[in-house]
Each structure stands twice: as C-alpha cells, then as structure tokens.
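Some notes on the structure that comes next.
Side chains included, hydrogens not; waters and symmetry mates left out as well; all remaining heavy atoms used. All values reported here derive from a predicted model rather than from experimental measurement.
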Amino acid sequence: MRPEETRAARRPIKLEIELELQPGQNLELSIAAAAPPESDDDLYRLLETGVLPQPASPGRFARVERWLERLEASLARWQKPGMQTLFYLVIGLYLLTRLAGIQSFPIYFAGDEAVTAMRAADLVRDGFRDYEGQLLPTFFLNDGKHSLGTTVYLQLIPNLLVGRAVWATRGINALACLLGVYFFGLILRDIFKARWWPLGPLLLAGFPVWFLFTRTAYETALMVSFYTAGLYAYLRYRQGSPRWLYAAVGFAALAFYTYVPAQVIVPVSAALLAVLDFRYHWQNGRTALRALGLVGLVSLPFLRFLVTNLNQYPRYLTMYRSALTAEMDPWQRLLAFLGNYLASFNPVRWFFPYQESWKQYWMGPYGHLPFFLAPLLAIGLVLLYRNRQKPEWRALIVPLLATPLVGGLVGVEVTRVLTLVLPFGLLGALGLFASLEWLAKRLRLSGQGLALGTGLLLVLYLLVLFASALIGGPTWVSDYGLSGMQWGARQVFGSALAYSNAHPVAKIYVAGEWSWQDDTLLRYFIPEDRPVMMGSPLDHLEELAAGDHLLFYVKRQDYQQLLTEGLFSSIQVEETIYYPDGSPAFLLTRLELSPAAREHILNGTLAEFQPVDTSVQWQGQSVRVRHSALDDGDIASVLDGNPESLVRTRRDNPFMMEFTFSQPPELIGLEVLIGSEAVRLSARVTPLEGEEQTFQITAPEGSDLKTLRLDFPKPLRVRVLRVELLDVLAPQHSNVHLWDMRFLQP
C-alpha cells in the first residue's frame with residue numbers, strides 16, 4: 001500500500017490478539033498506544049513494518065506540555081463527577097469529621113492515649129531501646145502489660161515533627177485509620193463490583209463507635225484499619241492477582257502488632273482462609289509458599305518477644321478472669337466461653353446506648369451502630385447465605401467467626417470485638433445496594449436518583465452526629481471522675497503549666513486519683529524542667545510546716561475534706577477549673593498550717609499521718625517493714641498465707657508497705673488477695689544491682705474477693721520492695737482492705 005492509498009483510506013487500525021490459556025494460569029497484558037504519526041511517511045512505515053521511528057528525546061518544554069495536557073485531562077474528568085470523585089468527597093468528609101475539634105471530643109484525654117506518645121518519646125531518648133535495653137522492641141509496656149506495638153512507632157511521627165500535643169497524638173491515628181475507610185470502599189468497588197460503592201465508606205464513617213475511636217489515640221481502630229486493608233489485599237489475590245497476597249501478609253502483620261486481641265483474630269482468620277480457599281492456594285503454590293516465607297519473616301519480632309515473655313499470655317487470662325483459667329469444671333468453662341462468644345453478637349450491645357461498663361466508650365443517645373443499619377444488616381446476612389459459595393462472600397464469614405473468640409476468652413468489650421464493624425459494615429452496605437436496586441425496579445424510579453438521595457441522607461446523619469458530639473458530647477455523661485469520663489488532664493495540667501510559666505519559682509502539686517496513669521499524663525503535658533508534680537496536701541505536711549510555699553490542685557471533694565481536717569488556718573483558692581456541666585472540678589489552693597498543727601508536725605507527734613516501722617519474719621529472715629498506719633490487723637498477717645486474716649489501713653489510700661530484706665531474695669512478682677473494689681497495685685523495686693524499677697497493674701470492680709498478680713519482666717534480686725495498693729474509686733483518706741500477699745519466686 002502506497003502513502004497516497006493510505007491517505008485515501010484513513011481506516012482505523014484494528015489489532016486482534018488470540019490467546020489460549022490453561023485453567024489456573026494467569027495473564028498480564030499491557031498495551032501501550034503511541035502518539036499519532038506525525039506524517040504520512042510515518043504512517044506508511046507503521047503499516048509496512050509495524051515500527052515507528054523513535055522520536056528524539058523530548059526537551060524541557062515538551063515535558064511541560066505533556067504535563068499540562070495530563071492536567072487538562074484530569075480537570076475534564078472532574079468536571080463530570082463519577083463514582084471515584086464522589087469517593088474522594090467522602091474521604092474529605094471523613095477527614096473533616098475526624099480532625100475538626102479533635103482536642104475537644106472525646107472530652108477526656110486518657111492515660112492510655114498519652115502512654116503511646118510517651119513510649120515513643122522515651123524510645124527516641126533511649127536510642128530506640130526500651131526500658132529493658134532491647135533495640136526496636138516488639139511490644140511496649142502499658143500499665144504493667146506488653147500491649148503496645150505499632151501505635152508507638154506511629155507516634156514517632158508527631159513526636160519528631162511537632163512534639164506532644166493532643167491534636168497531633170490523636171490526629172496521626174485518625175489519619176492512619178483513613179486506611180480502613182479507603183480499603184472498605186475498594187472492597188465494595190473492586191471485589192463486589194457494587195454500582196454505588198462510595199455509599200459504603202460513607203455509611204462506615206457514620207458508625208458512632210467508629211466515629212469515637214477514630215478520634216482517639218487508642219490502638220483498636222487502627223488495628224481494624226490494617227485488618228481491613230489486609231482483607232482487601234487477600235481478596236485481590238483471590239480474584240487472580242497473586243502479588244496482592246504479599247500485601248495481605250504485610251497488613252495482617254501490622255494489625256497483629258497493633259493490638260493484643262489481633263494476636264488471636266489475625267492467626268485464626270489466616271487459618272480459616274487457608275482452609276476455605278485451600279484448592280486455590282494449591283493452584284498458586286509458588287505464590288503461597290513465598291507468602292509463607294514472608295509470614296516467617298514478619299513473625300521474627302514476635303518470636304523474639306516470646307523468648308522472654310512466654311508467661312505473659314497465661315497471666316492475661318488470669319488477670320481478666322478468663323473462663324479457661326477459672327476454677328470450675330471443664331463443661332462449665334466451655335459454657336462460659338460459648339456464652340461470651342455469643343454475647344459478642346448481642347444486638348442490644350451494638351444498637352442501644354449505654355451498654356458498656358466503661359463510660360468513656362459511651363456515645364450519649366447513640367448506640368455503637370446506627371439504628372437504621374439493623375434492617376440493612378439483616379438483608380446483607382440473607383445475601384451472604386445465598387452467595388456463600390462465592391469466595392468474596394465467604395471471606396466475610398471469617399471476621400464474624402474469628403473476632404468473638406476474644407470475647408469468649410476474656411469477656412466482651414467493644415474495644416476487643418471492634419473488628420466486627422468490618423463485616424457488619426460490608427453486609428449493611430451490600431444490603432443497602434440491594435434495597436436500592438429493588439426499590440428502583442419496584443417503583444420505576446431512577447436508581448441514580450435513589451442513590452444520590454441516600455447519600456445525602458447519610459451525609460446529613462454524619463454531620464448531625466459530628467455536631468451533636470462537639471456541642472452536646474461534654475454533658476452526655478455527668479460522671480467526670482475516675483469511674484466515669486476521667487475528665488481534666490488537658491485542663492488541669494495546662495493550667496498548671498501556664499501558672500508555672502508565669503511564676504517560675506512556684507512549686508505546684510496536682511492531687512491524683514481522678515484518672516488512670518496520672519503520672520503518665522503529668523509527663524505528657526509538663527516539661528521535665530518545670531516544678532509541677534503529683535501529690536496532695538496531706539502528703540507534704542512537713543514541707544508546709546517548714547515554710548515552703550506550695551500550691552495544690554485538688555478535687556472539689558478533697559477541698560471540702562481539707563476544710564474539716566482542722567490542720568489549716570487558711571485555705572486560699574486562687575483558681576477554679578469547672579467541669580463541662582458548670583460545676584467546680586479542681587481548685588488551685590494555697591494552704592497555711594495552724595500553729596498547733598505545725599508544732600506537731602515539726603516535733604513528729606502527728607502520729608495519725610505517720611507511717612509505722614516494724615519487722616516481720618519471712619522465710620527465716622527478719623524483714624524490716626515501713627507501712628501505713630492500721631486500724632485493723634497487723635502487718636505480719638499480710639504474709640501469713642491465711643486468706644481469712646484481714647488488714648485495713650486507718651486512713652491511707654493507697655496502702656503503702658515498704659519491705660527491706662536483710663537477705664535479698666530473687667522475686668518474679670507478687671500476688672495479693674483483695675476485695676471486689678477496683679484497685680491499682682504498684683511495686684517499686686530496688687534491686688541488689690541495677691537501677692530502681694516500677695511496675696503496676698490495675699483490676700476492675702468485681703463481685704467477690706479476687707487475686708491480683710503482678711509479674712516482673714525478669715527475676716530480680718530485691719533489696720527493697722515498696723508496694724502500694726490503691727482503691728481507685730475511694731477518697732484519698734479512706735480505708736484500704738487487704739486479705740493476703742505473697743512474694744513470687746522462680
């Protein structure tokens with residue numbers, strides 16, 4: 001064909017490719033379209049030889065021109081909004097409702113949030129080693145448990161860029177949880193081929209429980225986000241893209257190292273998927289074997305952790321009073337486990353408000369899930385049954401089966417079973433899409449119009465949820481103390497820091513027992529060079545008697561008690577911090593002792609507040625004990641091994657006992673028998689060699705006597721052991737009860 005014939009024909013070029021593949025084989029085909037020929041001679045050469053002459057390397061302006069053309073094409077696509085554009089708008093709405101006012105809601109800033117940032121700061125300070133000297137540790141201590149992992153490394157970002165600030169500590173977690181919403185949408189788009197798939201992530205963004213936890217620095221929502229990403233990657237692999245299996249392993253590992261319940265959920269999910277899709281894995285044996293090798297690689301940090309912490313998991317089961325370790329018959333254990341397992345699906349817990357024991361997890365008038373999800377979820381379950389043979393639908397059963405195992409083992413809390421939000425949300429979204437299709441056909445309406453109207457309603461619901469949380473959230477719960485919202489960390493420590501900056505020589509104390517891990521909150525908000533510490537007036541009477549000018553932030557209840565003590569001639573209130581409901585919360589006080597009280601303190605005759613020195617016999621040696629004054633029992637009965645012998649402090653909370661051993665024993669922990677109250681057990685160990693170490697553990701309220709065990713990370717040769725038992729819900733000057741205590745040896 002000559003050039004002139006080509007010019008006359010102007011026919012489009014048609015390319016036909018015929019392929020024959022065996023079952024189970026995969027094909028990746030890439031076709032690149034070149035720019036139109038510049039001349040008829042170029043077209044002739046293309047038709048004759050199939051090859052165009054290579055153009056000269058483009059210059060700077062040609063690259064700019066092509067960049068502008070691509071930009072113009074992108075803008076043209078945005079002028080005609082498609083589903084992808086709507087998805088980006090949903091992502092933007094998610095970010096708005098997560099980041100706006102993130103310091104103000106939730107209204108508390110918990111010690112469990114601050115501890116992740118502090119562990120990150122300490123990691124940088126200590127050359128990326130933990131308190132035990134381990135380089136790049138797998139898990140970090142939180143309240144005596146190795147329960148922090150990925151979140152600590154994530155907190156390195158704000159720690160290095162902006163330092164410690166509530167908006168940054170929570171904000172980095174909110175941004176990371178965007179992964180969950182993003183891959184939730186991609187599952188609906190790429191796996192289920194849903195027509196109106198952007199409605200799915202919009203639905204998820206409006207779940208009250210998801211709204212709450214994605215605005216905190218807790219690790220639970222981040223774990224669910226990594227799990228969601230891993231499920232998407234696995235389903236892509238299952239639909240014929242083998243390399244996605246490696247991404248699935250990576251995301252699953254991130255989830256595993258984020259939150260302790262994932263150490264059950266992730267392996268069980270992997271095992272279930274391995275069984276359900278065994279034939280497919282066999283057909284892709286090479287990819288599966290490589291993925292197994294990657295699993296072995298990402299398991300190395302966990303294996304390193306197990307070498308020195310193998311006893312941690314039995315201790316978890318005992319501490320959380322698991323049915324597996326309870327003193328009952330095997331069949332009773334099984335029934336208790338099954339009861340907790342099924343309780344994970346209790347619709348009352350998910351759809352009705354005020355169903356959690358921890359009031360910090362309440363969302364006022366909202367349940368964990370919106371009420372309108374219930375019928376959609378029911379439709380989704382019907383669809384799941386009908387499509388149970390399809391691998392993508394079958395995969396949704398996996399988190400439904402794996403997640404409740406955590407509830408079965410240690411009891412149901414929403415944080416432990418939050419992964420159920422993923423299958424609940426996907427099934428609810430698929431039920432919604434099926435409903436829209438049915439309504440469009442039944443009512444002969446435009447499906448696109450129905451979807452748009454539904455989207456607008458979901459946007460309205462999300463905005464109402466967001467606005468009501470910021471405006472009404474502060475008064476949803478009126479219990480702001482330790483048993484409730486634990487409100488005040490940002491307000492009290494912020495006020496103390498401002499006062500210290502204005503009065504550099506002032507010595508300021510903040511009375512505790514209104515928040516978990518108040519010492520961690522102090523470190524988070526107060527720089528180390530500022531004279532702001534934890535402590536109450538009655539802990540510092542000697543300094544007051546010596547004439548030191550001290551100021552104390554005390555709770556309103558403690559202030560009322562100080563007025564009745566008869567120790568102070570003057571109590572001046574310099575500042576009042578109010579609860580969100582307008583009632584007084586904390587008062588900054590300046591105290592002056594009465595002359596009589598000062599004389600008694602200086603002479604050491606105020607016995608009511610003085611600890612007692614005595615000695616007891618333990619394993620053939622005399623142990624010197626300094627302890628809180630008692631009004632019932634004696635300190636020797638603490639170590640007599642008799643659970644019937646009760647010891648009670650006169651008015652000290654916490655109950656302090658400091659043991660000095662003449663022959664330092666090797667201890668691995670201690671165990672106490674206590675009542676039903678919520679307590680915090682702390683142990684400060686001065687070893688024969690090495691630096692002083694502090695360990696602590698907390699236990700919630702129960703219905704009877706309970707045994708609380710505090711393990712040390714490794715055996716320690718103990719010279720001095722200071723034990724404090726705090727009744728966390730009782731006033732500072734109240735009775736603390738102890739039935740028995742035992743030192744644990746290897």
Report yes or no: does R170 contribute a side-chain atom to a donor-acceptor pair with the main-chain N or O of P106 at less than 3.5 Å?
yes
Answer with yes or no whether the side chains of R119 and Y131 bring together a donor and an acceptor at under 3.5 Å.
yes
Test of understanding: with side-chain contact (heavy atoms from CB on, under 4.5 Å), list the residues that count as partners of L646, not counting sequence neighbours.
D632, H737, W739
Less than 4.5 Å apart, any side-chain heavy atom of I674 and any of K706?
yes
Within a reach of under 6.0 Å around CH2 of W167, are more than 12 heavy atoms found that belong to other residues, nucleotides or ligands?
no
Working to the nearest 0.5 Å, report the span between CG of L726 and CG of L482.
8.0 Å
Separation between CD of E724 and OG1 of T694, rounded to the nearest 0.5 Å
9.5 Å
Sorted by chain and residue number, the salt bridge (Lys or Arg N to Asp or Glu O under 4.0 Å) partners of R590 (sequence neighbours excluded) come out as E574
Using the side-chain hydrogen bond (donor to acceptor under 3.5 Å, both in side chains) criterion, which residues pair with D740? Sequence neighbours excluded.
none
side-chain hydrogen bond (donor to acceptor under 3.5 Å, both in side chains) partners of Q155, counting only residues at least two apart
none
Quick check on the 6.0 Å ring-centre criterion: do Y257 and Y153 meet it?
no
By side-chain contact (heavy atoms from CB on, under 4.5 Å), which residues pair with E692, not counting sequence neighbours?
R684, T686
S594 side chain to A597 main-chain N or O, any donor-acceptor pair under 3.5 Å?
yes
Please examine the side chains of K714 and T308, heavy atoms only from C-beta on, and report whether any two atoms are closer than 4.5 Å.
no
Y499 versus V532: any side-chain heavy-atom pair under 4.5 Å?
no
Would you say the side-chain atoms of R709 pair up with the backbone N or O of E671, donor to acceptor, closer than 3.5 Å?
no
Parallel under 30°, tilted from 30 to 60°, perpendicular over 60°: which one fits the rings of Y108 and Y218?
tilted
Tell me, with the steps shown, if Y553 and S495 meet side chain to side chain donor-acceptor pair (under 3.5 Å).
CA-CA 10 Å; Y553 282 90; S495 173; 2.7 Å; yes
Between Q486 and A110, is there a donor-acceptor pair closer than 3.5 Å when you use the side chain of the first and the backbone of the second?
no
Under 3.5 Å: donor-acceptor pair, side chain of T220, backbone of T415:
yes
Yes or no on side-chain contact (heavy atoms from CB on, under 4.5 Å) for F743 and V623, after CA distance, side-chain angles and deciding distance?
CA-CA 13 Å; F743 299 138; V623 181; over 6 Å; no
Residues 526-535 vs side chain to side chain donor-acceptor pair (under 3.5 Å), sequence neighbours excluded, gives S500-R530
Is there a ring pair (Phe, Tyr, Trp, His ring centres under 6.0 Å) between W514 and F586? Walk through the geometry before answering.
CA-CA 10 Å; W514 48 270; F586 301 92; 5.2 Å; yes
Can you label the angle between the Y579 ring and the Y480 ring as parallel, tilted or perpendicular, going by 30° and 60°?
parallel
According to salt bridge (Lys or Arg N to Asp or Glu O under 4.0 Å), who are the partners of E219, at least two apart in sequence or on a separate chain?
none
Counterpart residues, side-chain contact (heavy atoms from CB on, under 4.5 Å), relative to N340 (two or more places apart):
none
By salt bridge (Lys or Arg N to Asp or Glu O under 4.0 Å), D126 pairs with (sequence neighbours left out) none
Please determine which of F305, F256, Y313 meets the ring pair (Phe, Tyr, Trp, His ring centres under 6.0 Å) test together with F139.
F305
If only atom types and distance count, is the side chain of T138 paired as donor or acceptor with the main-chain N or O of P301 below 3.5 Å?
yes
Identify, with sequence neighbours excluded, every residue that meets salt bridge (Lys or Arg N to Asp or Glu O under 4.0 Å) alongside E542.
none
Euclidean distance, M656 CE relative to H627 NE2, rounded to 0.5 Å:
8.5 Å
Checking T660 now: which residues fulfil side-chain contact (heavy atoms from CB on, under 4.5 Å) with it, not counting sequence neighbours?
R624, V720
Looking at V410, is its backbone amide N or carbonyl O close enough to the side chain of R416 to form a donor-acceptor pair, meaning the two atoms are under 3.5 Å apart?
yes
Does a side chain donor of either E113 or T216 reach within less than 3.5 Å of an acceptor in the other side chain?
no
Looking at side-chain heavy atoms only, is the closest gap between D519 and Q517 below 4.5 Å?
yes
Please report the shortest heavy-atom distance between T520 and G111, naming the atom on each side.
CG2-O, 4.4 Å
Please test L725 against T649 for side-chain contact (heavy atoms from CB on, under 4.5 Å), starting from the C-alpha separation and ending with a verdict.
CA-CA 11 Å; L725 185 64; T649 63; over 6 Å; no
Answer yes or no: is there a donor N or O on one side and an acceptor on the other, between the side chain of N653 and the main chain of D727, under 3.5 Å?
yes
Answer yes if the side chains of Y524 and T169 hold a donor-acceptor pair under 3.5 Å, and no otherwise.
yes
Is a side-chain N or O of Q621 found less than 3.5 angstrom from the main chain of S662, in a donor-acceptor match?
yes
Does either side chain, that of E413 or that of Y361, offer a donor lying less than 3.5 Å from an acceptor on the other one?
no
Side chains of L587 and T576, heavy atoms from C-beta outward: is any pair under 4.5 Å?
yes
Spatial distance of atom CZ (F661) from atom CG (L721) [nearest 0.5 Å]
5.5 Å
Please assess T698 against V728 for the test side-chain contact (heavy atoms from CB on, under 4.5 Å), listing each intermediate value before the final yes or no.
CA-CA 9 Å; T698 57; V728 296; 5.7 Å; no
Find the distance between CD (E543) and CG (L550) and round it off to the nearest 0.5 Å.
5.5 Å
Using the rule given for side-chain contact (heavy atoms from CB on, under 4.5 Å), can you reason through M657 versus L738, listing the C-alpha separation, both sets of side-chain angles and the distance that settles it, and then say yes or no?
CA-CA 11 Å; M657 295 165 284; L738 175 62; 3.8 Å; yes
Check whether any side-chain N or O of T589 sits under 3.5 Å from a backbone N or O of L591 as a donor-acceptor pair, and report yes or no.
no
Find the distance between CZ (F140) and OG1 (T150) and round it off to the nearest 0.5 Å.
9.5 Å
Hey, are the side chains of P665 and Q619 touching, using non-hydrogen atoms and a 4.5 Å cut-off?
no
What I'd like to find out is whether the side chain of P537 reaches to under 4.5 Å of the side chain of D558, using heavy atoms alone.
no
Are the side chains of E658 and V625 in touch, meaning some heavy atoms are under 4.5 Å apart?
no
Pairs satisfying ring-ring contact (aromatic ring centres under 6.0 Å, His included), at least one member in residues 531-551, at least two apart:
Y509-H540
Salt bridge (charged side-chain N to carboxylate O under 4.0 Å, His left out) for K359 and D479? Distances and angles first, verdict last.
CA-CA 8 Å; K359 295 177 183 177; D479 181 358; 3.1 Å; yes
